[in-house]
Amino acid sequence: MDFLLSHILTVLIFFPLVSVGVLLFVDKNNEGLLRNLSTILSLVEFLISVLLFIYFKPGTYQFQFVERYSWISSFGASYFLGIDGVSLFLIILATLLTTLSLLSSYRYIKEHVKEFVILMLILETFMIGTFASLDVLLFYLFWEFMLIPMYFIIGMWGTGRRVYAAVKFVLYTLSGSLIMLFGLIYIFILHFDQTGNFTLNIVKLYNTRIPLGLQILLFIALFLGFSIKVPVFPFHTWLPDAHTEAPTAGSVILAGVLLKFGVYGFFRFGIPLLPEASIILAPVIIVIGVIGVLYGAFVSIVQKDLKRLVAFSSVSHMGFIMLGLFAMSAISIDGSILQLINHGITTGALFLFVGMLYERAHSRQIADFGGIARKAPILASLFMISVLASIGLPGLNGFIGEFLILIGAFKNYMILTIFATSGVIFAAVYLLWMFQRVMFQEITNPALENFEDMNLREIITIMPLILLMVFIGFYPVPFLDRIDPTVVHFLSQLNRHAFTLGTAAKIKGMSNA
Amino acid sequence: MDLKSVITWLIPLFPLTGWVLWGLLGRYIKDLTGHLASAFVGVSFILSLVLFYIVSNSHGFTATLYPWIYAGRLGVNVSAVIDRLSMVMLVMVTGVGGLIHVYSIGYMKGDKGYARYFSFLNLFVFSMIMLIISNNLLLLYVFWEAVGFCSYILIGHWYHKKSASDAAKKAFIVNRIGDFGFSVGIFLLFLTTRTINYESVFKIIPALPSITVTAIALLLFAGAVGKSAQFPLHVWLPDAMEGPTPVSALIHAATMVTAGVYMIARLHVIFSYSPVASMFVLFIGTLTAFLAAFIAASQFDIKRIIAYSTISQLGYMFMAVGIGSYTAGIFHLISHAVFKGLLFLTAGSVMHAMAGELDLRKMGGMYPKMKITALTFIVGALALSGIPPFSGFFSKDAILADVFSRGFYLSWIIGELTALLTAFYIFRLIFRVFFGQSNVDPKLHVHESPAVMTYPMVILSLAAILIGFLGMPPFDHSVFYNFLNVDFKNAAIFAPFVNNASWVILSLISVLMGLLGILAAYILYIRKSVSPERVKRAIGPIYSLSYHKVYFDEIYDFLIVRTVLGLSTFFWRIIDDAIIDGAVNGIAAGFAFFSVKVKRIQNGMLMSYALTFAIGVIALLFYYFIR
């Protein structure tokens with residue numbers, strides 16, 4: 001057990017690859033075994049990640065489960081892993097959603113099952129690697145590698161214009177990432193100039209002193225890489241296409257985990273590496289975030305395709321998260337991090353439901369539905385809970401995150417926060433209108449007459465997410481206990497740097513809010 | 001946890017458990033669901049009475065259940081405040097709620113969604129209890145939205161009807177508009193006081209600049225305008241009548257819609273420190289009371305008439321809390337809950353007999369066939385019209401007398417005119433439904449409702465006769481005032497209830513107004529010495545204004561709904577598709593143009609490009625570092 005705990009991150013990163021090794025030996029025509037085995041192996045991976053939660057010490061900002069081995073010492077790259085209260089939950093989210101995605105694909109994925117499950121597990125390795133890496137090179141490798149399995153998942157198992165969507169997704173994000181890479185390399189070289197040491201250790205790179213003008217240029221470079229991933233308005237147009245054409249599992253992972261990397265990138269790299277630039281540019285980013293909140297909500301209202309609607313709602317929700325992060329108060333950042341988790345849970349669930357509707361009716365057009373609630377009461381009830389969580393109904397998870405973001409951001413950005421708050425009204429408009437047209441009223445489409453309710457496998461797939469929505473809504477303390485110390489430390493580091501700017505007083509006020 | 005706290009938390013626990021049980025087991029226990037759900041609320045009612053007894057013989061207390069949200073400097077617990085105000089409300093909600101549960105057993109018999117109905121009725125009672133006992137604004141807000149959600153589900157109970165699902169959605173969204181203000185109010189309150197617990201807030205409020213207090217109070221009031229259906233956010237309540245009638249009785253008359261009044265009474269320290277905000281509350285209350293009664297006078301749908309009546313009566317309550325007469329406001333809230341719950345249940349009994357018909361032009365002469373319904377309806381109507389000794393007389397008069405004695409003469413005049421209209425519209429309904437010639441479809445077999453429905457009606461009418469005496473004038477010497485007013489001792493700037501010796505004259509004027517209204521209805525619809533058609537023609541435009549509900553829905557549709565849809569389509573088609581994606585695909589097309597020259601490398605597999613790209617990047621990276 002001790003050995004496992006001291007190497008748990010390595011185990012988590014490579015266990016999916018080991019699973020792939022096992023799956024390679026299964027006959028590709030034995031689809032049942034492939035599905036069951038991959039699901040079980042990913043479940044084991046999830047259970048290992050739960051150990052992280054159990055053994056994680058709350059109340060401290062220190063990195064935990066740290067592993068460090070020298071790797072390419074000539075330029076200071078090391079195999080350096082560790083997690084704090086933020087990456088802890090993102091890793092568990094990734095393992096949970098991978099398991100649920102595999103479980104949800106039993107009916108949806110009919111061809112090339114072997115390739116599919118293998119790609120999903122490879123993707124899992126890269127996702128966890130990205131969250132666990134504290135070395136810039138290691139992080140960047142995992143970050144870029146993620147694109148490859150996702151590209152194939154959209155391109156091979158997608159629908160409609162899937163190749164267009166897949167290429168758009170890869171090129172969009174890749175072009176952002178390359179600019180980000182130049183930024184990171186520049187900081188690495190600056191650090192060498194100042195200290196005479198090569199290091200890619202992110203914690204050491206935080207100490208690089210960078211003149212303000214240069215910081216702003218570098219921030220723009222990093223911003224492009226991260227904000228395309230978020231995605232931030234106006235860099236979001238790859239998202240609706242990728243989501244719409246991706247298979248259910250792809251959408252779940254894309255929305256549930258991949259979108260989180262943008263915000264995580266700002267949290268782990270962008271802001272701590274370039275604190276003064278972040279502080280100066282924060283108002284700009286908040287304006288963009290709030291535009292995203294309202295823009296995403298408005299565009300969602302008139303969508304005709306269910307997946308596109310959920311995709312645009314993600315643009316709106318991610319706008320809230322950016323607002324919370326850059327408002328730079330402890331409460332709002334706590335809210336943003338919690339909302340990252342919530343968005344993964346809720347939007348993941350919404351995509352699972354859209355997938356179930358698609359599997360049954362072979363359509364995603366809202367106009368093709370109507371009156372399903374009577375045929376499928378279980379689906380109607382659980383779908384409703386997920387919709388309400390997305391709307392931010394108090395008592396469910398989304399409310400806690402949104403409320404903390406808004407109340408935390410209110411002090412320094414009063415007017416913008418009020419605008420963002422009005423987004424809550426529009427969320428009710430587009431989601432309830434969608435729900436009414438899909439689930440309520442009379443059945444008009446004869447194809448829906450034999451609509452089946454959820455089966456046991458589907459209920460098992462969705463229940464963990466539903467339970468989390470309710471649990472976080474009523475008792476977020478276990479989450480906030482672990483997030484808060486990390487966030488408070490993050491802000492105190494920011495304060496330290498802010499002195500050079502002469503804006504210390506302002507920032508101090510923020511962190512106390 | 002001591003015994004008092006255990007009792008406190010058992011009260012909401014029963015209906016909460018009910019929600020889960022009927023939701024999961026409803027399909028197995030079938031018809032028993034209604035009885036069990038009623039019994040669960042009954043237990044809560046008995047426990048509320050026990051707690052009421054404990055509290056009225058000692059002090060209030062706070063009962064904390066568990067820590068809820070801790071982030072940065074924000075700390076919120078799930079905690080209950082038990083004092084006289086919350087006990088009065090709890091007893092009313094569980095009592096009236098219990099009776100309406102029992103009534104529903106008969107009314108909803110054979111409905112396809114029987115179990116779902118009782119499940120959410122229980123959840124509603126749970127949420128309402130929690131709303132009342134919350135000891136901080138965030139918890140209040142949670143259950144404020146939760147009751148709204150239950151209302152959404154129950155309005156849309158017959159969701160296969162488009163009108164029902166439209167009404168449900170409208171209710172939710174209009175409430176959200178009010179709650180938008182409410183949540184900004186909470187943000188501002190937290191920003192200025194660093195806390196959202198009532199007790200801590202109340203200590204800080206007197207020290208704040210009055211402009212801040214005014215802003216907070218007005219923002220919080222926006223939530224009340226939505227929830228309690230005051231102008232201009234009242235438009236959802238008449239449509240909410242699409243729900244089953246017992247739901248209208250419980251949620252859209254007796255309990256949920258009064259949450260706004262309760263909230264102001266609960267936060268009286270905030271409101272009383274802002275004379276400006278309080279005057280605004282009085283203004284909205286007065287306006288709403290009159291306009292809603294004005295609309296009710298020309299409607300033909302019996303449920304909508306009673307719905308507008310509810311809006312109007314809520315206006316009276318806001319007048320009361322607006323002038324700082326919190327005890328009178330709560331007294332009218334309680335008495336209204338009883339008589340309006342009664343009116344809805346009796347209206348439901350009429351609908352039951354008429355197979356769902358609501359148009360009063362298709363009724364008439366029904367008194368001989370359903371005497372219990374008719375008599376209990378008349379009791380409710382007399383209470384609403386403020387005729388002594390029915391409860392509405394005492395409670396409405398307590399408000400109007402206080403409005404007068406504090407010098408708000410214009411509000412008082414409008415209030416009296418509203419009283420006249422009120423008596424007119426409700427007796428117009430009675431005369432056209434129960435008396436005169438019958439226009440009932442002869443195929444319908446009009447019959448009295450079963451006992452399970454009439455008993456709750458009889459109990460509520462007894463209550464409507466009796467509870468008024470708790471507020472025997474002069475109001476500031478009454479039992480109710482002496483019991484409850486201690487909870488409002490911190491309401492600072494307003495003068496205490498100044499009892500005017502002229503209360504007898506004021507009461508006489510009010511009763512006269514009520515009688516005049518009844519008389520007008522009598523002349524028009526029973527004696528028919530003046531034909532309603534002639535009156536309609538004589539007042540032309542005024543009549544259309546009333547009949548078309550002052551055109552609120554049309555104006556909103558034109559100004560808001562169309563603007564939002566137009567803007568949305570513009571963003572999607574023009575900005576997203578044409579401009580942003582146009583630019584993105586333009587860049588891509590540019591690259592494609594230049595890449596024609598290197599076409600030989602192309603193997604047609606787009607996937608391999610990306611892969612090559614990624615590998616190339618990594619190779620370059622390695623080269624850079626290792627060279």
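Numbered from 1 within each chain, the chains take letters A, B, ... in sequence-line order.
Proximity to chain B (any heavy atom under 4.5 Å) is shown, for A:Phe479, by neither the backbone nor the side chain. Only the side chain of B:Tyr152 comes within less than 4.5 Å of a heavy atom in chain A; its backbone stays farther off. Neither the backbone nor the side chain of A:Leu338 comes within contact range of chain B; no heavy atoms are under 4.5 Å apart. Contacts between A:Asp481 and chain B at a heavy-atom distance below 4.5 Å are absent for every atom of the residue. Residue contact with chain B, scored on non-hydrogen atoms closer than 4.5 Å, involves the side chain of A:Leu404 exclusively. Residue A:Ala166: no heavy atom, backbone or side chain, is found under 4.5 Å from chain B. For chain B, the nearby parts of A:Glu442 are the backbone and the side chain; heavy atoms of each come within less than 4.5 Å. Interface remark: A:Phe235 contributes no atoms to any contact with chain B (heavy atom separation under 4.5 Å).
Annotation: cation-pi geometry not satisfied between B:Arg176 and A:Phe426 (NZ/CZ under 6.0 angstrom from ring centroid, within 45° of ring axis).
Residues meeting the ring pair (Phe, Tyr, Trp, His ring centres under 6.0 Å) test with A:Tyr295, sequence neighbours left out: A:Phe233, A:His236, B:Phe571. For B:Thr192, the side chain to side chain contact (heavy atoms under 4.5 Å, CB included) test picks out B:Leu208, B:Thr212, B:Ile216, with sequence neighbours left out. In this view, A:Val488 and A:Asp484 satisfy the side chain to side chain contact (heavy atoms under 4.5 Å, CB included) rule, not counting sequence neighbours.
The aromatic rings of B:Trp68 and A:Phe399 lie parallel to each other, their planes meeting at an angle below 30°, with 60° marking the opposite boundary.
Here A:Ala373 is the residue among A:Ala297, A:Ala373, A:Gly371 with the most heavy-atom pairs under 4.5 Å with chain B. Listed options A:Phe435, A:Phe403, A:Trp433, A:Phe298 were ranked by heavy-atom pairs under 4.5 angstrom with chain B; first place goes to A:Phe298.
Within residues 144-151 of chain B, the residues having any heavy atom closer than 4.5 Å to a heavy atom of chain A are B:Glu145, B:Phe149, listed by residue number.
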